[in-house]
Peer 1: 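Below you'll find the structure I mean.
Naming convention: chains lettered A, B, ... in sequence-line order (proteins, then strands); numbering from 1 in each chain. All heavy atoms count here, side chains included; hydrogens, waters and symmetry mates do not.
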Amino acid sequence: MTVTLLGTAGKAPETSSDGGVARDVTRKRKRGEVEDQNNTGDRSSGATIYSHWLMKSEPESRTENGVDVKFGIEDLKALPNQTGCWDGVRNYQARNFLREMKVAHQAFFYHSNCKTPGIAGLIKIVKEAYVDHTQFDKKDAHYDPSSKPENPKWSMVDVKFERMTRRFIPLSELKKYHLKHKNTGGPLRNMALFTRSRLSVQPLTPAAWTRCIKGGPFHWRVELPFACGSVFSGAVLLG
DNA sequence: GCCAACGTTGGC
DNA sequence: GCCAACGTTGGC
């Protein structure tokens with residue numbers, strides 16, 4: 001599979017019954033609100049198909065609209081069947097990525113807007129995109145009065161806790177690799193966490209995913225009973 | 001289509 | 001709490 005990170009992000013799909021003027025549609029298309037009318041569903045337009053994701057959520061209490069938006073990985077873990085819906089996404093690009101997700105896809109659960117931001121664990125998609133009911137709920141933190149039930153704007157998926165990462169991977173460490181890989185052409189060179197820092201649902205290349213979880217090329221040395229292990233430990237991410 | 005004003009995200 | 005980056009709105 002050829003992977004072009006984020007090449008056509010935001011272009012993807014929504015069924016639009018928007019009968020507005022041409023310029024308005026153009027404007028909306030730029031924002032990702034309008035579906036490509038010839039979208040065949042097979043991404044023949046050249047858009048990249050992803051299967052690994054990073055999803056941000058806030059593990060510390062914060063009030064929005066009078067509601068606490070806290071939802072860390074421990075909160076997901078505590079839900080029945082360790083499964084919950086990923087609601088509240090209110091950005092078109094992020095929503096479009098949600099809509100690309102398939103059952104069994106894996107994602108990093110990323111803790112944002114907290115003391116130590118970073119990757120806390122692994123989750124998997126257990127239900128594909130459907131209407132996010134919270135957009136119609138006046139009492140919800142992410143109520144969207146502009147969205148109508150007959151033409152909902154926002155989607156969500158269901159995710160299930162898979163496991164914690166073997167250790168928490170702080171943003172600072174990911175950034176270190178990102179900067180290095182920008183020069184060396186390594187797998188984290190285009191990581192959206194840095195190139196599109198505000199995107200709350202974002203794709204990862206398979207290489208970036210693997211690197212974060214299994215470490216770099218010298219990962220195996222760390223497990224050898226020889227002293228050289230520590231020499232290479234700095235080149236490894238081990239989620 | 002451009003762009004100024006405004007709002008939100010999220011690291012620090 | 002600050003503020004840079006960037007997404008959204010809406011006039012023209």
Side-chain angles (χ1 to χ4, degrees), chain A residues 5-14 16 18-36 53-76 86-100 107-121 132 134-135 137-138 140-148 151-156 165 168-182 188-204 208 212 237:
Chain A
L5 185 59
L6 293 175
T8 49
K11 261 195 188 168
E14 136 167 314
S16 172
D18 219 55
V21 246
R23 76 165 191 179
D24 194 42
V25 171
T26 305
R27 184 179 295 177
K28 287 187 174 184
R29 192 179 300 281
K30 275 190 182 172
R31 295 202 297 255
E33 292 176 57
V34 178
E35 176 164 20
D36 177 350
W53 310 91
L54 181 147
M55 302 168 81
K56 299 180 185 174
S57 189
E58 303 185 28
E60 295 173 6
S61 286
R62 185 175 63 83
T63 302
E64 203 172 316
N65 228 356
V67 184
D68 189 354
V69 295
K70 172 183 183 292
F71 188 74
I73 195 164
E74 296 296 342
D75 298 302
L76 174 63
W86 202 270
D87 61 359
V89 170
R90 298 292 182 266
N91 168 281
Y92 289 108
Q93 286 190 1
R95 179 206 66 179
N96 290 347
F97 283 132
L98 284 178
R99 291 180 178 183
E100 292 186 31
F108 288 134
F109 195 120
Y110 178 90
H111 281 170
S112 70
N113 207 6
C114 56
K115 199 166 175 207
T116 311
I119 295 170
D132 178 350
T134 66
Q135 67 198 294
D137 181 359
K138 286 193 171 74
D140 191 88
H142 304 108
Y143 170 59
D144 181 359
S146 74
S147 182
K148 303 298 168 205
N151 189 20
K153 282 187 178 177
W154 308 111
S155 303
M156 63 187 184
T165 41
F168 183 82
I169 303 180
L171 175 67
S172 57
E173 189 173 343
L174 291 165
K175 186 182 248 168
K176 200 176 72 182
Y177 285 98
H178 169 65
L179 292 174
K180 187 164 91 177
H181 290 186
K182 277 207 293 184
L188 305 193
R189 66 188 178 283
N190 289 325
M191 200 172 187
L193 198 54
F194 305 103
T195 62
R196 315 281 293 278
S197 63
R198 289 177 51 189
L199 197 54
S200 68
V201 177
Q202 46 183 262
L204 278 85
C212 290
L237 292 161

Peer 1: For A:Thr63 and A:Asp68, does a side-chain donor sit closer than 3.5 Å to a side-chain acceptor?
Peer 2: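 Distance-only check fails for A:Thr63 and A:Asp68.
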
Peer 1: Could you tell me whether the side chain of A:Ile119 reaches within less than 4.5 Å of the side chain of A:Phe168, counting heavy atoms only?
Peer 2: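 No, their side chains stay 4.5 Å or more apart.
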
Peer 1: Looking only at the aromatic ring of each residue, does the gap between the centers of A:Phe109 and A:Trp86 stay below 6.0 angstrom?
Peer 2: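 Ring centroids of A:Trp86 and A:Phe109 are less than 6.0 Å from each other.
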
Peer 1: For the pair made of CD in A:Glu60 and P in B:dC12, what is the distance, rounded to whole Å?
Peer 2: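 Those two atoms, CD and P, are 14 Å apart.
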
Peer 1: Take A:Arg90 and A:Asn113, find for each the nucleotide of DNA chain C with the closest heavy atom, and name the residue whose nucleotide sits nearer the 5' end.
Peer 2: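 Going by which nucleotide is closer to the 5' end, it is A:Asn113.
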
Peer 1: Is the phosphate of C:dT8, meaning OP1 or OP2, less than 4.0 Å from a side-chain N or O of A:Lys153?
Peer 2: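 The answer is no; no side-chain N or O of A:Lys153 sits under 4.0 Å from OP1 or OP2.
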
Peer 1: Write down the distance between CG (A:Asp144) and C1' (C:dT8), rounded to a whole number of angstrom.
Peer 2: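 The answer, rounded to whole Å, is 12 Å.
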
Peer 1: Which of the following nucleotides, C:dG7, B:dC12, B:dG10, is nearest to the side chain of A:Ser112?
Peer 2: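 Nearest nucleotide to the side chain: B:dG10.
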
Peer 1: Could you state the CG-C1' distance from A:Asn91 to C:dT8, rounded to the nearest angstrom?
Peer 2: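 Computing the A:Asn91:CG to C:dT8:C1' distance gives 10 Å.
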
Peer 1: Reckon A:Tyr110 touches a base, only the sugar-phosphate, or nothing at all at heavy-atom distances under 4.0 Å?
Peer 2: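 Sugar-phosphate contact only - A:Tyr110 comes under 4.0 Å of backbone atoms but never of a base.
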
Peer 1: Have a look at A:Lys115 and say if it touches a base, only the backbone sugar-phosphate, or nothing, with a 4.0 Å heavy-atom cut-off.
Peer 2: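 It contacts nothing in the nucleic acid.
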
Peer 1: Could you check how far CD of A:Glu173 sits from P of B:dG11, rounded to whole Å?
Peer 2: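 My rounded result for the distance is 16 Å.
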
Peer 1: Distance check needed: B:dT9 P versus A:His142 NE2, whole Å only.
Peer 2: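 In whole Å, B:dT9 P lies 7 Å from A:His142 NE2.
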
Peer 1: Closest nucleotide of DNA chain C for A:Ser146 versus for A:Phe194: which of these residues is on the 5' side?
Peer 2: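 By nearest-heavy-atom nucleotide position, the 5'-most residue is A:Phe194.
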
Peer 1: When A:Ser147 is tested against each of A:Arg90, A:Gln135, A:Lys153 for side chain to side chain donor-acceptor pair (under 3.5 Å), which residue passes?
Peer 2: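 Running side chain to side chain donor-acceptor pair (under 3.5 Å) over A:Arg90, A:Gln135, A:Lys153 with A:Ser147 returns exactly one hit, A:Gln135.
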
Peer 1: At less than 4.0 Å, is any side-chain N or O atom of A:Lys56 found next to OP1 or OP2 of B:dT9? Yes or no.
Peer 2: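 Result: no.
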
Peer 1: I need the NZ-P distance between A:Lys175 and C:dA5, as an integer number of Å.
Peer 2: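 That distance rounds to 11 Å.
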
Peer 1: Give the nucleotide from the list B:dT9, C:dT8, B:dC12 with an atom nearest to the side chain of A:Leu171.
Peer 2: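 Comparing B:dT9, C:dT8, B:dC12 against the side chain of A:Leu171, the answer is B:dC12.
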
Peer 1: In whole angstrom, what separates A:Arg95's CZ from C:dG7's P?
Peer 2: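 Going from A:Arg95 (CZ) to C:dG7 (P), I get 15 Å.
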
Peer 1: Please examine the side chains of A:Arg99 and A:Ser155, heavy atoms only from C-beta on, and report whether any two atoms are closer than 4.5 Å.
Peer 2: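 Yes - at least one pair of side-chain heavy atoms lies under 4.5 Å apart.
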
Peer 1: For A:Leu193 and B:dC12, what is the distance between atoms CG and P respectively, to the nearest whole Å?
Peer 2: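 Rounded to the whole Å, the gap is 10 Å.
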
